[in-house]
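Got a structure for you, questions after.
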Amino acid sequence: MSSILNGIPYVFVAAPLFAFILNNAVPRERMRSHAVALSGGVAALQLAAAILGFALLAASGRGEVRFGLFWSVDAAGAAYLRVNLVSLFLLLCVGFVALASALTAAKTIDDHRCSFANLFMALLLGMNGMLLATDLFTLYVFLEITGTASFVLIAMYKSSKGLEGAFKYLTMSALATIMMLTGLALLFMHTGSLAFADLGAAALSGASGEMDILCYGALALLISGFAIKAGAAPFHSWLPDAHQSADTAVSILLSGIVIKIAGAYGFIVLVELFGDLYAVRLSVAALGVATIAFGALLALVQTHFKRIAAYSSVSQVGYILFGIAAGSPLGLVGALLHVFSHAAFKSTLFSGAAALHEQLGTLDIEQMGGLQKNMPVTGFASVTSFLSAAGVPPFAGFWSKLLILISLWQAGWIGLSAAALGLSILTGAYFLRLQKKVFFGPRNPRWDDVKEIGGTIRASQIVLSAVNLGAGLCFPLVLLYLQSIGLI
Amino acid sequence: MSMPTVVLIAGLVMILAGCVGLIRTHHMLKIIIGLEVAMKAVTVFIILGGFLNGRMALAQAFVVTVIVVEVVTAVVLSGIAISLYRKHGSMDIRNLRSLKG
Amino acid sequence: MIVAVYICLGFMLAFGVIAIMSDGLITAAITLAVTSAASGVLMYLLGAKWAAAFEISVCSGLVTVIFISAVSLSSGDKTKLPAEYQDSRRTKRLPAVLIVAGAALMCAAALTGFSLPAGDAAQTGLTFGETLWETRQADVWGQMIALITGTAAIVVFFKESENR
Amino acid sequence: MFKTICALLGDPVNPMISMCALPVAGGVLACLSRGRSRGALRMAVALLFGAANLVFALSLYLGGGASGALALGVQGLELRLAVSGIAALMLPFAGLLFLIVAVYAASWFHKREGGGAYMLLLFISLGMLNGALMADNLGVLLFFWEGLLCTLFGLLLIGRRENSKAAVKALALSGTADLILMLGILATARLAGSASMSEIAARPLSADGPGALGCACMLLGAMGKAGAMPFHSWIPEAASDAPAPFLAAFPGSLEKIAGIYLATRIVTDLYEFAPGSPMSLFVMVAGAVTLFFGVAMALIQKDMRRLLSYHAISQVGYMLLGIGTGLPVGIAGGVFHMMNNALYKTGLFVAAGAIEDQTGTTDLHKLGGLRRAMPVTAACFFVCALSIAGVPGTNGFFSKELIFDAALESGTIFYVAALAGAFMTAASFLKLGGAAFFSEARLPQGRRNIREARLGILIPAVLLAALCVLFGAYNALPLQTLIGPALGDAHIHAGWPENGTLVLLSSAVLLLALADHVYGRKKGGGALAAADHIHYAPGIKQAYALAERGLLDPYNWLMAAANGFSAACAWIEGGVTWFYDKAVPGLVTGTGQTLRRFWNGSVSRYLIIAVAGVACICLIFLLAALGEVAP
């Protein structure tokens with residue numbers, strides 16, 4: 001058992017890397033038809049490995065598994081990678097969303113299949129690397145890789161809008177890079193190391209107990225950088241542009257997981273390291289409040305299906321930030337579970353967008369209406385995602401939001417938890433508007449002959465709706481588990 | 001005022017200059033210039049850190065990695081800019097207003 | 001040494017500002033290369049010889065090449081920025097802003113008594129090569145992956161044609 | 001006899017329950033009667049069930065009352081019925097009147113539509129009335145009371161679904177009265193610690209202090225059922241188009257029985273009702289106002305139904321005046337007057353119904369000279385009219401004298417008001433009798449051929465008139481045999497009144513009314529116009545105009561207030577709706593649109609916003625560094 005557990009982490013790096021090499025070693029003409037299937041296989045492998053690893057690690061009672069890629073981790077001062085329960089859970093989410101994205105990509109991506117597979121693997125490597133890293137600088141490097149792969153994926157078709165979205169994302173990311181590197185440099189100046197083990201609030205305050213003003217600056221800059229990457233308001237400007245313009249399969253990846261790994265995971269690390277500093281948690285909470293409100297308000301007035309979904313992602317990231325800001329294990333669990341439930345319902349929604357785009361050729365919700373009859377599966381899947389997002393029991397979103405609210409309450413932020421609860425009305429409002437305009441109401445006669453989508457997208461929609469509901473129904477088990485380890 | 005303090009302040013001023021360049025320019029490629037100017041200051045910061053805490057080797061390792069990443073970013077940025085130029089026939093970022101709201 | 005450091009710092013700052021304010025793209029590229037070189041020298045003076053070498057070769061070399069090839073790919077022999085960009089006019093207050101900001105920071109530092117140590121900490125531990133290869137393996141893997149991502153990007157942007 | 005019935009039915013509560021249930025069964029039978037012989041069937045049902053009810057009631061009365069509880073199987077909830085005293089007297093009286101009215105109604109609906117539902121509701125009303133009379137528990141009483149209201153509403157609605165104004169008015173006014181009664185019952189039960197009337201009667205409550213609210217509310221409830229002001233205004237409205245049997249049954253007798261019964265119980269059993277107390281004054285004022293203004297409105301009516309209906313209101317005033325004195329003689333007079341009124345007012349309504357049945361109108365402008373065409377009806381009418389006018393020797397005279405006696409003892413002003421009422425009553429009946437029976441016929445051509453009314457209508461009329469004569473000629477029967485024992489008062493004076501001065505004054509007033517009538521006839525040119533000189537007298541004319549326009553109607557005030565209130569509610573509700581439907585979504589989407597315009601797609605703006613955000617986060621950290629932000 002132990003040897004299996006020790007072997008599992010290698011999958012997360014080796015599988016995408018091997019797929020990348022295979023993808024480029026085989027002639028493109030031959031590879032073309034298999035590239036997306038290859039990506040899907042890697043995603044499925046990652047999902048399976050993460051589930052297995054999570055179960056084994058939880059059963060073994062070890063906190064983490066250290067490993068190096070073709071280097072020994074035992075030497076003093078040697079760098080190492082590691083997986084723990086948090087990163088395995090997030091690796092699971094990555095695999096899950098990647099699989100959903102690959103299923104959609106099989107239908108939506110015609111040209112550039114090989115490039116898509118290449119960049120997909122690079123993106124997976126970037127995200128996995130972030131989750132495996134044990135050093136802030138390594139985290140930064142893989143963050144940049146994630147970002148670069150995302151830019152290229154968005155711009156892949158070189159359509160005017162795709163390029164524009166990628167350019168905006170890149171420009172904002174450049175700002176984030178400057179912020180984060182400055183912060184890292186200032187931290188490094190103070191501590192002499194950027195390994196998680198050497199960092200922490202205690203390390204910053206030093207012997208005198210007084211913290212250097214530069215360290216405060218460094219933390220502020222790091223938080224700003226991650227906020228840009230996470231699309232937290234008011235740094236979210238790039239997010240809807242980029243997510244709207246990308247291919248839907250890419251949008252699933254970006255909205256479903258990239259913003260959470262690139263942004264929210266950064267916050268998780270920061271709060272874990274520096275959570276003792278009240279200002280860190282406070283600024284994350286402030287970002288959370290602004291993000292939920294701005295995202296929901298802006299989602300309410302959009303007319304493009306994917307843009308609504310993108311703003312909804314902004315809004316939901318706010319809830320994740322809330323959970324992280326609570327700074328308690330329960331808050332972290334809530335945030336992680338919300339990452340999962342959001343990944344599930346946002347993938348569902350974007351699969352719906354892919355279906356609508358394939359069948360209708362447009363995503364302007366003003367032109368839609370009454371499509372429930374034509375596309376019952378899409379409509380039903382969309383309803384499950386809506387219910388999960390609005391936090392209606394027993395869907396998955398309800399439970400994760402509930403845990404987040406409880407953790408906020410426990411952290412003494414009663415006003416914030418009330419705000420989170422109140423703002424979730426807006427979530428319901430914009431999703432209801434979307435449902436009404438797209439699936440209910442009178443049908444535009446233009447769409448009389450529209451048929452339901454088939455193939456992998458339909459399969460992914462059915463599976464994802466089942467996950468939305470099934471995860472919620474299984475949630476009491478999760479609660480029991482949490483109770484058994486003393487979190488609730 | 002010690003020399004590292006002066007370097008620090010000059011670096012901060014230079015980062016400010018880079019950000020202003022990033023924000024004020026209307027030319028896509030000049031975004032790269034702004035970014036690069038700021039990044040110069042940041043690499044100097046890292047080296048200054050090594051200089052101050054005695055971990056110069058580590059600082060140099062960081063800088064090398066940063067430079068590699070920077071180059072990749074510059075390549076991608078110029079790739080996007082050139083593709084956009086082929087679309088719009090201009091490098092004006094004011095053309096990039098079709099996605100908004 | 002301190003004087004040399006200050007001179008390099010001055011060069012760096014001055015050419016950086018010129019690069020930002022210039023209307024000509026080639027001018028900007030060249031002044032950026034000078035900035036880069038100045039910072040490389042500064043690093044060398046601070047004791048970072050390998051980083052300085054990288055800075056001078058890659059940044060002032062490779063980035064300038066990339067930049068200039070981008071310029072030539074986009075506008076052929078037209079190296080002047082078109083008049084409507086007017087970067088020099090739009091950033092004409094930049095030096096004043098920077099001087100004010102620098103002075104303000106100086107005053108703040110002086111008033112709060114903030115000062116970094118004078119430096120010259122005894123360098124400890126491994127050499128650059130040992131550090132990079134024996135304690136930063138993860139970063140090296142990261143560099144590699146970044147480079148293959150960059151390659152994939154180049155394929156997408158410069159090799160594949162537009163199909164849609 | 002009661003023993004026999006008890007032996008047949010077992011527990012004493014069973015015959016009492018059957019008195020509630022039997023009428024309902026009869027009503028259902030009458031309602032189900034179909035086909036050509038349905039009129040005869042209804043008549044048979046009316047006779048059979050009316051007689052059965054009367055037998056039960058008589059057996060109860062002769063058996064000296066009864067008491068029994070019907071346990072409903074729920075702890076603390078029992079349906080307790082108890083009959084004694086005044087209730088025991090009222091039951092056979094109501095049964096007798098009901099029998100007459102039911103026969104009349106069956107006859108009236110012989111050739112008309114809608115009889116089934118009417119009979120059903122009439123019978124259910126009897127069941128409810130019996131229940132209300134027998135109830136010992138105040139809650140049970142309230143239940144039957146409300147049941148009576150429901151049947152009243154239903155009766156008013158029959159056949160007039162489009163024009164349900166009178167029904168709604170009745171529902172609103174009686175419902176208000178019943179609500180007040182409910183309040184009073186709650187207060188009373190709370191004060192007494194029991195809702196059982198027999199238990200409260202053992203230790204009557206004080207009508208002062210906290211008891212005043214309960215007493216006043218209960219009395220108002222009783223007055224509302226009896227139709228006193230200010231709960232009266234639905235009666236003239238209903239009189240305009242309700243079927244004649246309804247008028248005979250409800251405003252004429254059944255409601256008065258219920259209302260006066262309850263008022264008597266309150267005054268004699270539930271509360272210590274001292275003469276001269278504020279509560280007494282309150283009831284007397286209500287009675288005086290009702291009798292005076294009721295009859296004043298009756299005086300000017302030109303329609304038989306409306307005229308009689310205003311009298312029905314006015315007569316309640318006498319009863320209340322008598323009961324309100326709190327004196328034994330007054331209470332006895334009030335109860336006696338109620339019984340008399342039930343007889344002659346029902347007789348008058350029956351006679352009016354007979355006239356309407358034959359001529360097709362009740363408009364006095366069109367009637368006249370019916371004395372010859374309908375002699376029996378005319379005779380009955382005159383007997384009843386003499387009674388209501390209080391001509392010496394009639395039953396109405398004797399009850400009024402008792403009330404006058406009590407009123408004079410309580411305050412001269414009440415006596416004067418009562419006398420003025422007597423004057424106007426006499427005057428209006430002189431006018432009515434003269435116009436309908438004596439003047440020459442004015443009916444339109446083709447309807448001149450008037451015949452005597454049907455036997456089914458004549459018999460009730462004759463019976464009622466005969467009872468009036470009996471109660472007048474032999475007043476010891478009602479006073480000493482019936483009312484005295486029922487009220488527990490052995491010293492009621494029967495026979496000719498003792499106080500000769502009062503008799504003289506009353507007679508003088510009647511003569512004055514006759515003189516006024518003769519003067520008015522001469523001046524106005526006809527019996528119909530005999531009261532016009534009062535109607536159009538300066539000063540009074542305007543008051544009447546206001547009253548005719550309904551401006552003095554408390555119901556209209558209530559409705560105006562209710563309309564104002566509902567308008568205010570609608571305004572508030574509209575505001576709330578606007579707030580939720582327009583303002584909040586408008587604000588939210590407006591904010592969204594503003595934000596949307598702000599994020600205008602410009603990269604520079606995006607960067608500036610981000611830098612501003614960085615500044616905000618730095619500010620948080622700066623404050624933290626300065627120690628301004630702490631958990």
Side-chain angles (χ1 to χ4, degrees), chain B residues 1-10 12-14 16-18 20-21 24-27 29-30 32-34 36-37 40-41 43-44 47-48 50-65 67-72 74-76 78-83 85 90-92, chain C residues 2 5 9 12-13 16-17 19-20 25 28 32 35-36 39 42-43 46-48 50-51 54 58-59 62-63 66-67 70-71 73-74 81 85 87 90-91 94 98 101-102 105-106 109 115-119 121-128 131-132 136 139 143 146 149-150 153-154 157-158:
Chain B
M1 202 171 281
S2 62
M3 180 272 282
T5 317
V6 176
V7 175
L8 181 76
I9 289 171
L12 288 176
V13 168
M14 197 153 156
L16 180 64
V20 170
R24 291 298 285 171
T25 185
H26 283 159
H27 195 281
L29 288 178
K30 286 212 61 185
I32 300 182
I33 302 282
E36 287 291 324
V37 167
K40 292 304 124 197
T43 46
V44 167
I47 295 300
L48 185 67
F51 176 74
L52 288 175
N53 61 23
R55 300 286 191 90
M56 185 57 84
L58 187 56
Q60 292 191 69
F62 288 160
V63 167
V64 169
T65 315
I67 287 170
V68 170
V69 171
E70 206 183 311
V71 169
V72 172
V75 167
V76 172
S78 50
I80 293 174
I82 289 165
S83 304
Y85 176 80
S90 122
M91 284 259 186
D92 196 334
Chain C
I2 289 178
V5 166
L9 212 52
M12 210 171 99
L13 209 53
V17 171
I20 286 166
L25 284 178
L32 183 66
T35 312
S36 211
S39 75
L42 180 58
M43 288 177 195
L46 289 175
W50 286 100
F54 249 83
V58 177
C59 273
L62 187 56
V63 172
I66 292 169
F67 190 83
V71 170
L73 271 174
S74 63
L81 269 182
Y85 295 120
D87 272 16
R90 285 171 57 76
T91 53
L94 181 60
L98 294 183
L105 284 172
M106 289 270 188
S115 179
L116 288 173
Q123 294 297 323
T124 57
L126 310 168
T127 63
F128 167 70
T131 309
L132 186 64
R136 307 302 308 172
D139 294 356
Q143 287 183 31
T149 313
I154 289 171
F157 289 122
F158 298 105

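Per chain, numbering begins at 1; letters A, B, ... match sequence-line order.
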Using a cut-off of under 4.5 Å for heavy-atom pairs, which of B:Val7, B:Val75, B:Ile33 has the most such pairs with chain C?
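Sorted descending by pairs with chain C, the first entry is B:Ile33.
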
So what's closer than 4.5 Å to chain C heavy atoms on B:Ile82: side chain, backbone, both or neither?
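Contact with chain C is through the side chain of B:Ile82 alone.
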
What part of B:Val72 gets within 4.5 angstrom of chain C, counting heavy atoms only: side chain, backbone, both, or neither?
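For B:Val72, side-chain heavy atoms alone lie under 4.5 Å from chain C.
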
For B:Val68, is it the side chain, the backbone, both, or neither that has a heavy atom closer than 4.5 Å to a heavy atom of chain C?
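For B:Val68, side-chain heavy atoms alone lie under 4.5 Å from chain C.
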
Over all heavy atoms of both residues, which pair between B:Ala57 and C:Thr131 is shortest? Give the atoms and the distance, please.
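Between these two residues, the closest heavy atoms are CB-OG1, 3.2 Å.
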
Can you name the residues that form a salt bridge (Lys or Arg N to Asp or Glu O under 4.0 Å) with C:Arg136, not counting sequence neighbours?
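By the salt bridge (Lys or Arg N to Asp or Glu O under 4.0 Å) rule, C:Arg136 matches A:Asp135, C:Asp139.
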
Flag the pair B:Val20 / C:Ile20 as yes when at least one side-chain heavy-atom distance between them is below 4.5 Å, and no otherwise.
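Contact flag for B:Val20/C:Ile20 side chains = no.
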
Contacting moiety of C:Leu32, where chain B heavy atoms sit under 4.5 Å
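Side chain of C:Leu32 only, per the 4.5 Å heavy-atom cut-off to chain B.
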
Would you find a donor on one side and an acceptor on the other, under 3.5 Å apart, between the side chain of C:Ser115 and the backbone of B:Met1?
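No: the side chain of C:Ser115 does not pair with the backbone of B:Met1.
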
Measuring heavy-atom distances to chain B, does C:Ala153 have an atom under 4.5 Å in its side chain, in its backbone, in both, or in neither?
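The side chain, not the backbone.
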
Looking only at heavy atoms, what is the nearest atom pair of C:Ala19 and B:Lys30, with distance?
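Closest heavy-atom pair between C:Ala19 and B:Lys30: O-NZ, 3.3 Å.
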
Side chain proximity check, B:Glu36 to C:Ser36, heavy atoms < 4.5 angstrom
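Sidechains of C:Ser36 and B:Glu36: no contact.
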
List the atom of C:Phe67, the atom of B:Leu29, and the distance in Å for their closest heavy-atom pair.
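Here C:Phe67 and B:Leu29 meet closest at CE1-O, 3.2 Å.
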
To check you understand the geometry: which heavy-atom pair defines the closest contact between B:Ser78 and C:Ala70, and what is its length?
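Scanning both residues, the minimum pair turns out to be CB-CB, 3.8 Å.
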
Quick check: closest heavy atoms across B:Ala17 and C:Leu94, and the distance to 0.1 Å?
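That would be CA-CD1, 4.3 Å.
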
Check whether B:Leu58 gets within reach of chain C through its side chain, its backbone, both or neither, counting any heavy atom under 4.5 Å.
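Both backbone and side chain.
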
Polar side-chain atom of B:Gln60 near backbone of C:Phe128 as donor-acceptor pair, under 3.5 Å:
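Pair absent, no side-chain N/O of B:Gln60 close to backbone of C:Phe128.
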
Between C:Val63, C:Leu105, C:Leu46, who has the most heavy-atom pairs with chain B when the cutoff is under 4.5 Å?
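With the most close heavy-atom pairs to chain B, the winner is C:Leu46.
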
Pick one of side chain, backbone, both or neither for B:Leu12, based on which atoms fall under 4.5 Å of a heavy atom in chain C.
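For B:Leu12, the contact with chain C is made by the side chain alone.
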
Please look at B:Val63 and chain C and tell me whether the side chain, the backbone, both or neither of the residue comes under 4.5 angstrom of a heavy atom of that chain.
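Looking at B:Val63, just its side chain touches chain C.
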
C:Ala118 and B:Ser2: which non-hydrogen atoms are nearest, and at how many Å?
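Scanning both residues completely, I find the closest heavy atoms to be CA-CB, 4.2 Å.
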
Checking B:Ile32 against chain C: side chain, backbone, both or neither under 4.5 Å from a heavy atom?
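For B:Ile32, the side chain is the part near chain C, not the backbone.
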
C:Leu42 and its side chain to side chain contact (heavy atoms under 4.5 Å, CB included) partner, picked from B:Ile47, B:Val44, B:Leu48
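Option passing the side chain to side chain contact (heavy atoms under 4.5 Å, CB included) with C:Leu42: B:Val44.
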
Counting only heavy atoms not in C:Phe54 (residues, nucleotides, ligands), do more than 12 fall under 6.0 Å from its CZ?
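It does not: C:Phe54 CZ has 12 such atoms or fewer within range.
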
Which one wins on heavy-atom pair count under 4.5 Å against chain C: B:Gly21, B:Gly79, B:Ala59?
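The answer is B:Gly79.
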
To the closest 0.5 Å, what do you measure between CG (C:Leu126) and CE (B:Met56)?
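Nearest 0.5 Å value for the CG-CE distance: 15.0 Å.
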
Which value, rounded to the nearest 0.5 Å, describes the distance between C:Thr91 atom OG1 and B:Arg24 atom CZ?
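The CZ atom of B:Arg24 is 8.0 Å from OG1 of C:Thr91, to the nearest 0.5 Å.
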
Residue selection (most heavy-atom pairs with chain B, distance under 4.5 Å) from C:Leu9, C:Ile154, C:Leu132, C:Ile66:
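Heavy-atom pair counts peak at C:Leu9.
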
Distance, nearest 0.5 Å, that separates CE of C:Met12 from CE of B:Met14:
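One gets 4.0 Å once the value is rounded to the nearest 0.5 Å.
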
